[in-house]
Amino acid sequence: MKTFDVQLGNRSYPIYIGGNLLAQSNLFLDHIPNESVFIISNEKVAPLYLEQVLDSCKRLNCEVKILPDGEQHKTISTIETIYSALLERHCSRDTTLIALGGGVVGDMAGFAAATYQRGINFIQVPTTLLAQVDSSVGGKTGVNHTLGKNMIGSFYQPQCVIADLNTLNTLDDRELSAGIAEIIKYGLIRDLEFFHWLEQNILKLVERDLEALAFAVHRSCENKAFIVAEDELEQSGKRALLNFGHTFGHAIETGMGYGNWLHGEAVAYGMLMAANLSIKQGWLNQQDYARIENLLLVANLPTQAPENMTADDFFCHMSVDKKVRDGKLYLVLLNKIGEAVLTSDFNTALLESTLQECCSA
Ligand code: NAD
Ligand code: GLY
């Protein structure tokens, strides 16, 4: 097992990464100060892993809430069902909430923990690759709105993250690829050495080589933890770099209907769109664009825009992005591979040209 901390002063917490961690009772018990535990999972993950978590917490009083599966359920009305279950079972402020599942469960459980009785402890137990490398770390929690992705939420850090690599054995190939998209993102925005490693080892990830997956999860979490420690609340612009590809990607997720394109797939193509604009700005070169595209292709990620979205659809959805400030849209673009920049100083005509080009390809 590998352990390291997200350094946030008195809110610092460990990330545990390794095999068979769900069975390690002490990892849970060390971070649960009282008897009351409330586990949130979903109808797909619970039959696979709930028993193991219940067993690890068997000395405690555990309640369970099973959510419907899918991004389309990441809504405020699902959160209300969590509040009702917490209240019906008389959970008080001393309850620790455990999120057992992918990013959808983690984001919602985290938001419920942040807001129930003004905040209760919670533990992230991410079971998808995407959640292990990204969403379980850093404290962003929330839900979607019909008008925009992740528009309602809060920053709220967990007590710890327990990333059991064995859970990835049951993940669909498509979901595994979606996680690889966020892994590639770290190489692109700030870790050139990791990007080189990915170029050599991407097939090993696709083929689920355990050693390669362990390295990639660890390296991704290190990158994320470093950025989060520097700019926890996304105020200085550093954390915003983690949203490389996301402004375009969120437009795809909202435009296509939540759940039709997976988050990681939308981010993958969003990264190519951002790279396309970076070339037009004269920053990124064509050869490096081809290297990014190749990595996505080998990882079975989309390299074409959704057929039925127009440039106008993109503009419309991008205008409600959280990176709009004082009416100005900020985008994360690439100076080069391994170096991203948050900027509003791009040429709007070039953005239009990127959207037209991508939508008609
Ligand atoms: P997800 O939670 O929908 O999980 C994908 C699918 O895999 C679901 O059907 C799920 O039930 C299933 N699943 C989960 N674990 C499994 C396992 N071990 N075996 C078999 N099936 C399993 O999607 P995701 O990709 O994990 O997360 C995407 C969400 O995360 C999006 O809502 C996105 O906005 C959010 N996100 C949040 C952050 C953040 O910082 N909070 C960062 C990135 C993404
Ligand atoms: N996934 C973006 C962030 O955590 O900031």
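Keep in mind that this is a model prediction, so the values were computed, not measured. As a basis for the values below, the full set of heavy atoms in this structure was taken, side chains included, without hydrogen atoms, waters or symmetry mates.
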> Considering residues at least two apart in sequence or located in another chain, which fulfil the side-chain contact (heavy atoms from CB on, under 4.5 Å) criterion with Q287?
Replying inline: N285
Rounded distance (nearest 0.5 Å) linking atom [atom1] of [X] with atom [atom2] of [Y]:
| X | Y | atom1 | atom2 | result |
| --- | --- | --- | --- | --- |
| T167 | L48 | OG1 | CG | 9.5 Å |
| L296 | L301 | CG | CG | 5.5 Å |
| T247 | F314 | OG1 | CZ | 11.5 Å |
| R239 | E230 | CZ | CD | 12.0 Å |
| F244 | L331 | CZ | CG | 10.5 Å |
| H196 | I337 | NE2 | CD1 | 7.5 Å |

Assess the side chains of [X] and [Y]: does a donor N or O sit below 3.5 Å from an acceptor N or O?
| X | Y | value |
| --- | --- | --- |
| Y49 | T170 | yes |
| H31 | Y16 | yes |
| Q157 | Y13 | yes |
| T115 | Y83 | yes |
| E357 | N276 | yes |
| S36 | N34 | no |

> Between D288 and R291, does a side chain to side chain contact (heavy atoms under 4.5 Å, CB included) hold up when you go through it step by step?
Replying inline: CA-CA 5 Å; D288 283 349; R291 289 167 73 194; 3.0 Å; yes
For [Y], is there any backbone N or O sitting under 3.5 Å from a side-chain donor or acceptor partner on [X]?
| X | Y | value |
| --- | --- | --- |
| Y269 | P306 | no |
| T141 | S154 | yes |
| D313 | T310 | yes |
| N223 | S220 | no |
| D172 | E175 | no |
| Q356 | S353 | no |
| T78 | K74 | no |
| S41 | L100 | yes |
| E293 | L272 | no |
| N201 | W197 | yes |

With heavy-atom distances below 4.5 Å as the criterion, would you say the side chains of [X] and [Y] are in contact?
| X | Y | answer |
| --- | --- | --- |
| I123 | V161 | no |
| Y186 | E222 | no |
| P302 | W261 | yes |
| M1 | T3 | yes |
| I227 | R190 | yes |
| K204 | E211 | no |
| L168 | Q132 | yes |
| L284 | N335 | no |

I'd like a table of donor-acceptor pairs (distance under 3.5 Å, sequence neighbours excluded) in which one partner is a side-chain atom from residues 50-70, with atom names and distances.
{"from": "S56", "atom 1": "OG", "to": "L22", "atom 2": "O", "distance (Å)": "2.6"}
{"from": "D69", "atom 1": "OD1", "to": "N42", "atom 2": "ND2", "distance (Å)": "3.1"}

Would a hydrophobic clustering, with Ile, Leu, Val, Met, Phe, Trp and Tyr connected at side-chain separations under 4.5 Å, put [X] with [Y]?
| X | Y | result |
| --- | --- | --- |
| M318 | Y258 | no |
| I162 | I120 | no |
| L198 | L210 | yes |
| I189 | L342 | yes |
| L334 | L329 | yes |

>> Pair Q124, Q159 - check side chain to side chain donor-acceptor pair (under 3.5 Å), show working.
In response: CA-CA 8 Å; Q124 286 276 17; Q159 303 303 303; over 6 Å; no
> Can you list the steps and then say if D345 with K328 is a salt bridge (Lys or Arg N to Asp or Glu O under 4.0 Å)?
Replying inline: CA-CA 10 Å; D345 192 19; K328 258 194 200 158; over 6 Å; no
Nearest heavy atoms of [X] and [Y], plus distance in Å:
| X | Y | result |
| --- | --- | --- |
| G179 | V133 | O-CG2, 4.0 Å |
| A275 | I292 | CB-CD1, 4.2 Å |
| Y156 | G110 | CD2-O, 4.0 Å |
| G103 | S135 | CA-OG, 3.3 Å |
| D231 | Q235 | OD1-N, 2.6 Å |
| C91 | F38 | SG-CD1, 3.8 Å |

> Stepwise, does the side chain to side chain contact (heavy atoms under 4.5 Å, CB included) test hold for V6 with S12?
Replying inline: CA-CA 5 Å; V6 183; S12 297; over 6 Å; no
>> Does F315, at its CZ atom, have more than 12 non-hydrogen atoms belonging to other residues, nucleotides or ligands within less than 6.0 Å?
In response: yes
> Any ion pair linking D134 and K140 (charged N to carboxylate O, less than 4.0 Å)?
Replying inline: no
> Thinking salt bridges, do K185 and D191 make one under a 4.0 Å N-O criterion?
Replying inline: no
>> Going by the rule ring-ring contact (aromatic ring centres under 6.0 Å, His included), which residues pair with F4 if we only count those two or more places apart in sequence or in a different chain?
In response: H218
> So L350 and F346, side chain to side chain contact (heavy atoms under 4.5 Å, CB included) or not? Walk me through it.
Replying inline: CA-CA 8 Å; L350 294 180; F346 55 84; over 6 Å; no
>> Using side chain to side chain donor-acceptor pair (under 3.5 Å), reason through N144 and E71 one step at a time and then give a plain yes or no.
In response: CA-CA 9 Å; N144 302 325; E71 183 76 36; 2.7 Å; yes
>> Please report whether the ring centroid of F248 lies less than 6.0 Å from that of H317.
In response: no
>> Evaluate N300 against V206 for side chain to side chain contact (heavy atoms under 4.5 Å, CB included), listing each step before the verdict.
In response: CA-CA 8 Å; N300 301 315; V206 175; 3.9 Å; yes
